[in-house]
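Taking it in order: structure first as structure tokens, then the write-up.
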Protein chains: 2
Amino acid sequence: MVDKQYEQFIETWGSMGVLWGINRSMARIHAFLITSEEPADLDTIADSLKMSRGNASMCLKELRHWGVIQRVHSPGDRRDSYVAEPDAFKMFFLIGQERKKREFDPALHSVRLLLAEGDPEKRKAVHARLRGLERLLTSIDRVLNKCLQDEKMTKAVLNILKGFVAR
Amino acid sequence: MVDKQYEQFIETWGSMGVLWGINRSMARIHAFLITSEEPADLDTIADSLKMSRGNASMCLKELRHWGVIQRVHSPGDRRDSYVAEPDAFKMFFLIGQERKKREFDPALHSVRLLLAEGDPEKRKAVHARLRGLERLLTSIDRVLNKCLQDEKMTKAVLNILKGFVAR
DNA sequence: ATATAATTTCAGTGTATTTTGAATGGAGCA
DNA sequence: TGCTCCATTCAAAATACACTGAAATTATAT
């Protein structure tokens with residue numbers, strides 16, 4: 001159903017998804033939409049990727065929630081169709097926001113919690129280590145907050161970094 | 001076995017681990033070592049975290065492979081003991097290296113592969129989208145390579161970003 | 001060399017997550 | 001209002017992943 005040459009991409013993106021905290025089906029659908037010239041509807045997606053409609057439906061909902069795909073309607077057609085966000089940068093930005101929220105913020109929070117509770121005099125080595133961790137994560141948090149404020153900011157930061165690399 | 005106040009941290013770090021591409025046991029052991037004043041041996045770790053020695057052994061091996069813990073020996077003791085990398089920055093750096101290799105590089109590779117095979121004239125929209133994705137990922141790749149070259153470089157980049165945030 | 005103590009491995013088992021598909025819900029149309 | 005066509009939900013089944021523990025291996029001491 002899917003061109004052979006695209007299959008590899010879809011499956012790689014799928015395996016990656018697992019590492020990215022997205023599940024395989026979600027990532028495969030996302031990849032399918034990225035490599036689909038036309039908007040695709042639920043049936044096409046489910047058939048092409050050999051998965052149930054139910055699963056496809058759930059995944060599409062979640063992908064929409066991430067903001068990396070959009071629902072579109074062809075006039076005179078009752079069915080919903082979907083397209084991938086065409087702007088790579090926007091996609092990257094959205095994924096970044098979601099991942100910070102899921103992965104980074106809770107880590108920082110738990111370190112701060114522990115640091116606040118612990119007695120600095122007891123377990124000095126542990127306290128010092130946690131303090132170091134908290135400092136570092138706080139610096140990174142500030143950078144990420146600035147970056148992820150809006151797309152312009154992310155672009156600005158990326159340009160600064162590009163400049164640095166070029167040196 | 002573990003102080004109540006540290007338990008929360010260990011469990012949070014453990015759940016996080018799943019998102020970070022590390023499994024729960026690995027992350028719990030890592031957290032345990034971070035919050036352990038003394039080097040800990042296999043038995044202590046397995047007992048404290050209520051897991052089998054076998055599992056603990058595998059996790060310790062993997063954590064050593066990541067470079068975020070080290071094996072130490074107390075003289076006159078046959079057992080191996082382990083300590084967490086005390087420098088937060090180094091830890092962050094090591095995790096970054098590993099994650100780039102696992103998550104980022106294969107994604108970029110698969111996009112490039114697809115781009116090389118596809119005919120730019122057919123499926124124009126898809127090609128444009130992939131081209132955009134490849135450009136963006138390549139920029140990021142350059143930055144990451146520079147960053148992860150060595151710790152000094154990472155520090156330099158972080159400082160630049162700190163400067164930007166402070167503006 | 002042998003005994004002993006510790007670590008590592010891995011097949012089997014258990015647990016958690018993902019996927020299915022039948023039932024349910026809901027929008028448009030006559 | 002009832003009919004048709006999709007989309008969505010969710011309990012049950014399938015699958016993937018993590019963990020255990022006994023056996024094999026390695027390291028150290030005598």
Side-chain angles (χ1 to χ4, degrees), chain A residues 1 10-33 38-66 69-83 102-103, chain B residues 1 10-11 13-33 39-66 69-83 102-103:
Chain A
M1 208 71 174
I10 291 174
E11 297 316 321
T12 305
W13 206 256
S15 317
M16 199 76 51
V18 178
L19 296 174
W20 286 60
I22 290 176
N23 77 32
R24 183 175 308 272
S25 301
M26 256 178 85
R28 289 177 75 226
I29 291 180
H30 187 210
F32 179 80
L33 290 175
E38 311 286 325
D41 61 55
L42 190 97
D43 284 12
T44 307
I45 294 168
D47 290 350
S48 303
L49 300 180
K50 296 182 177 57
M51 65 173 71
S52 70
R53 281 130 204 272
N55 192 20
S57 174
M58 304 265 269
C59 290
L60 286 166
K61 183 182 158 192
E62 187 76 0
L63 285 167
R64 241 178 317 141
H65 176 247
W66 276 63
I69 67 170
Q70 281 154 237
R71 187 149 50 179
V72 295
H73 282 278
S74 341
D77 191 347
R78 230 146 122 172
R79 283 175 299 182
D80 298 338
S81 284
Y82 300 87
V83 295
R102 291 190 186 202
E103 302 178 23
Chain B
M1 208 72 174
I10 290 173
E11 298 316 320
W13 205 256
S15 319
M16 198 78 50
V18 179
L19 296 175
W20 286 63
I22 288 175
N23 75 33
R24 180 174 310 271
S25 301
M26 258 178 84
R28 289 177 73 227
I29 291 181
H30 187 210
F32 178 80
L33 290 175
D41 61 55
L42 189 99
D43 284 12
T44 307
I45 294 169
D47 290 351
S48 303
L49 300 180
K50 295 182 177 59
M51 63 173 73
S52 70
R53 280 130 209 268
N55 191 22
S57 173
M58 303 270 268
C59 291
L60 286 167
K61 182 182 158 190
E62 187 77 359
L63 285 166
R64 241 179 317 142
H65 177 246
W66 277 64
I69 68 170
Q70 280 154 239
R71 187 148 51 176
V72 295
H73 282 278
S74 343
D77 191 347
R78 225 144 127 172
R79 283 175 298 183
D80 298 338
S81 283
Y82 300 87
V83 294
R102 291 190 187 204
E103 302 179 23

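Side chains are part of it too, since the values below use all heavy atoms of this structure and drop only hydrogens, waters and symmetry mates. Labels below follow one simple rule: chain letters A, B, ... track the order of the sequence lines, proteins then strands, and each chain is numbered from 1.
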Would you give a per-nucleotide map of nucleotides 2-17 of chain D, 5' to 3', where B means the base has a protein non-hydrogen atom under 4.0 Å away, S means only the sugar-phosphate does, and - means neither?
-> --BBSSBB--------
In whole angstrom, give the distance that lies between atom NE2 of B:His73 and atom P of C:dA6.
-> 13 Å
Beyond-backbone contact of A:Arg53 with A:Asp47, side-chain heavy atoms, under 4.5 angstrom | yes
CD (A:Glu38) with more than 12 external heavy atoms under 6.0 Å = no
According to a strict under-4.0 Å criterion, is B:Ser25 in side-chain N/O contact with OP1 or OP2 of D:dA18?
-> no
How close or far is atom C1' of C:dT17 from atom CD of A:Glu62, stated in whole angstroms?
-> 14 Å
B:Val18: side chain to side chain contact (heavy atoms under 4.5 Å, CB included) partners, not counting sequence neighbours = B:Arg24
Residues which pass side chain to side chain donor-acceptor pair (under 3.5 Å) with A:Arg102, listed by chain and number, not counting sequence neighbours | A:Glu98
Residues B:Ser25 and B:Cys59: closest non-hydrogen pair is CB-SG, 3.6 Å
Is the shortest heavy-atom distance from the side chain of B:Leu49 to the side chain of B:Ile10 under 4.5 Å?
-> yes
Whole angstrom is fine here: how far is it from CD1 in A:Ile22 over to P in C:dT19?
-> 13 Å
What is the distance, rounded to the nearest whole Å, between atom CD1 of A:Ile29 and atom C1' of C:dT19?
-> 12 Å
